[in-house]
Amino acid sequence: MGRQHGKRVAAFAVCLTLLLSSGCSKAKEEDKGADITPAKTGTQESARDDGAKTLKQASVPQFIPNGIRSVSLTKGGEEILCISRVPADYKMQFDYWEILNPYDENVTMNTEVMFEMFKELCGLTFDTPAEVEEGVDTGIADSDMGYRVEYVDTLEDTVAQNTDDADTWAEVILGEEDGHGGRYAAVAGRPEQVYVLSDAVLEMIFGREPFDYILKIPALVSAETIKGLEITAEGREYTVEVDAAAGSYKFGRKEVGKKEFAALYQLISGVGLAAEIDGDGSAGKEEPYLTVVFRRNMEGAPDVSVSYRAYDDEFDSVAVDGAERFLVRREDVESVIKGIEEAF
């Protein structure tokens, strides 16, 4: 528990630093820890037109973590998780990753946890078909569980990191447990070819909650993409104007230095998520008592609104662009309001 907490704190601190760093769209993506030993790629069959992309279907899925571009997990016939790489000029490279289900683009991925899952997926190999005794029901025909991966068809890490889009897809159908620590599986399009995959690895992949994959901050907005903030705190309105190129920062009419702006920006961005809301959230309760609107300076970069309102005696709910999913500690929000008042 201590180690995991330390990792979360470290990742959180790094993200707050990145909020204020320059060159967000050209930052180097540091996924070197995701390398695995290359092996021979499988043959490809069929093709699928995915909008502007035409992807090949893999008969024998093989990929490396840095080659993955999207992952979808299905259980009980429902998609329970969808992670996809969605680049944009206004994002930092690690922020290209989004959880499209069950969240949206405003939730920030914890890429360390994500790449742990990617490595687990890469460890599920399809080298040798299983010998299934006659009469054994593998569960593949009636399966409601599986995963889909879109990836770059290479086992060379440098090639994968320098290729933007996936060119290959594979879907794996998961059946019943085999009674020996494995689970029957087949690749979509070839249901007659049965494999046995490690059930322990599959339990790790499917056992995480979506909340485990995200950084515990409401929204990650790079300061380099900001032209100003509009703040409403306990009925009082505040404005922040930013011209980073000119080195100009204003709190209302007051000129401040970059250091003062950075301190306030980190404070506003540093409220930590405590938990997901269980149920219908705080619908019907009082109006937000703190709202921060991040106004962007780049074409195509959407403004982001973050607001907080009372949930119970200990927690507030936080809504990002109207989507209310998470709880934060009341004392953290009160510290932000106090810091805003002192800065102005």
Side-chain angles (χ1 to χ4, degrees), residues 8 11-12 15-16 18-20 24 81-84 86 88 90-92 94-111 113-114 209-234 237-238 240 242 264-298 300-312 315-330 332-337 339-340:
R8 288 194 295 269
F12 184 79
C15 282
L16 290 181
L18 287 170
L19 285 170
L20 298 158
C24 62
L81 181 74
C82 180
I83 294 173
S84 186
V86 186
Y90 58 87
K91 295 180 180 179
M92 291 162 279
F94 82 93
D95 194 35
Y96 286 178
W97 292 98
E98 297 179 358
I99 300 185
L100 302 178
N101 186 12
Y103 304 134
D104 58 31
E105 69 275 4
N106 285 325
V107 174
T108 304
M109 181 72 69
N110 184 333
T111 54
V113 177
M114 180 190 74
E209 296 294 331
F211 192 66
D212 298 333
Y213 285 98
I214 68 173
L215 288 175
K216 304 308 185 281
I217 53 178
L220 183 72
V221 183
S222 170
E224 291 296 309
T225 70
I226 294 298
K227 67 179 180 181
L229 304 174
E230 295 175 4
I231 304 169
T232 302
E234 295 185 331
E237 295 184 354
Y238 307 86
V240 176
V242 178
L264 180 64
Y265 202 76
Q266 279 198 308
L267 179 69
I268 289 172
S269 303
V271 178
L273 303 181
E276 289 189 284
I277 292 175
D278 184 16
D280 296 329
S282 55
K285 293 192 177 181
E286 61 189 68
E287 291 298 308
Y289 68 98
L290 173 63
T291 298
V292 180
V293 180
F294 298 79
R295 299 295 184 192
R296 310 298 277 272
N297 61 14
M298 298 178 65
D303 293 344
V304 178
S305 174
V306 181
S307 60
Y308 303 86
R309 59 176 171 171
Y311 183 80
D312 59 24
F315 296 101
D316 292 338
S317 67
V318 54
V320 181
D321 288 344
E324 188 178 45
R325 299 188 179 97
F326 305 111
L327 298 177
V328 299
R329 296 192 180 279
R330 170 76 50 77
D332 292 346
V333 182
E334 290 175 345
S335 294
V336 171
I337 293 175
I340 291 169

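Computed from heavy atoms alone, side chains included, the values below leave out hydrogens, waters and symmetry copies. All residue numbers in this chain count up from 1 along the given sequence.
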Side-chain contact test, heavy atoms from C-beta onward, threshold under 4.5 Å: evaluate it for [X] versus [Y] and give yes or no.
X: Leu264; Y: Ile340; value: yes
X: Val328; Y: Val333; value: yes
X: Val320; Y: Val304; value: yes
X: Tyr265; Y: Val242; value: no

Distance, nearest 0.5 Å, that separates [atom1] of [X] from [atom2] of [Y]:
X: Glu276; Y: Tyr103; atom1: CD; atom2: OH; answer: 3.0 Å
X: Leu215; Y: Leu273; atom1: CG; atom2: CG; answer: 9.0 Å
X: Arg296; Y: Tyr90; atom1: CZ; atom2: OH; answer: 6.5 Å
X: Thr111; Y: Tyr96; atom1: OG1; atom2: OH; answer: 13.5 Å
X: Asn110; Y: Tyr213; atom1: CG; atom2: OH; answer: 10.5 Å
X: Leu327; Y: Tyr308; atom1: CG; atom2: OH; answer: 12.0 Å

Quick one: does [X]'s side chain have a donor or acceptor within less than 3.5 Å of a partner on [Y]'s backbone?
X: Asp321; Y: Ser305; answer: yes
X: Ser222; Y: Glu224; answer: yes
X: Lys227; Y: Thr225; answer: no

I'd like to know if Asp316 pairs up with Arg330 as an ion pair, taking the criterion as any Lys NZ or Arg NE/NH1/NH2 lying under 4.0 Å from an Asp or Glu carboxylate oxygen.
yes
Are Asp104 and Arg325 close enough for a salt bridge, meaning some N to O gap below 4.0 Å?
yes
Who pairs with [X] by salt bridge (Lys or Arg N to Asp or Glu O under 4.0 Å), at least two apart in sequence or on another chain?
X: Asp212; result: none
X: Asp95; result: none
X: Glu98; result: Lys91

Sort out for me which residue in Met109, Glu105, Met114 forms a side-chain contact (heavy atoms from CB on, under 4.5 Å) with Ile99.
Met109
Sole residue of Leu290, Val293, Thr291 in side-chain contact (heavy atoms from CB on, under 4.5 Å) with Ile231
Leu290
Check [X] against [Y] and note the closest heavy-atom contact, atom names and distance.
X: Ile268; Y: Leu229; result: CD1-CD1, 4.0 Å
X: Pro218; Y: Val306; result: CB-CG1, 4.1 Å
X: Gly272; Y: Asp332; result: N-OD2, 4.4 Å
X: Gly339; Y: Leu267; result: CA-CD2, 3.6 Å
X: Pro302; Y: Gly300; result: CD-O, 3.4 Å
X: Arg309; Y: Pro288; result: CB-CA, 3.6 Å

Between Val271 and Val318, is the side-chain contact (heavy atoms from CB on, under 4.5 Å) condition met? List the steps.
CA-CA 10 Å; Val271 178; Val318 54; over 6 Å; no
Please verify the inter-ring angle class for Phe211 with Phe326; under 30° counts as parallel, over 60° as perpendicular, anything in between as tilted.
tilted
Do Thr232 and Glu237 pair up side chain to side chain, a donor and an acceptor below 3.5 Å, judged on atom types alone?
no
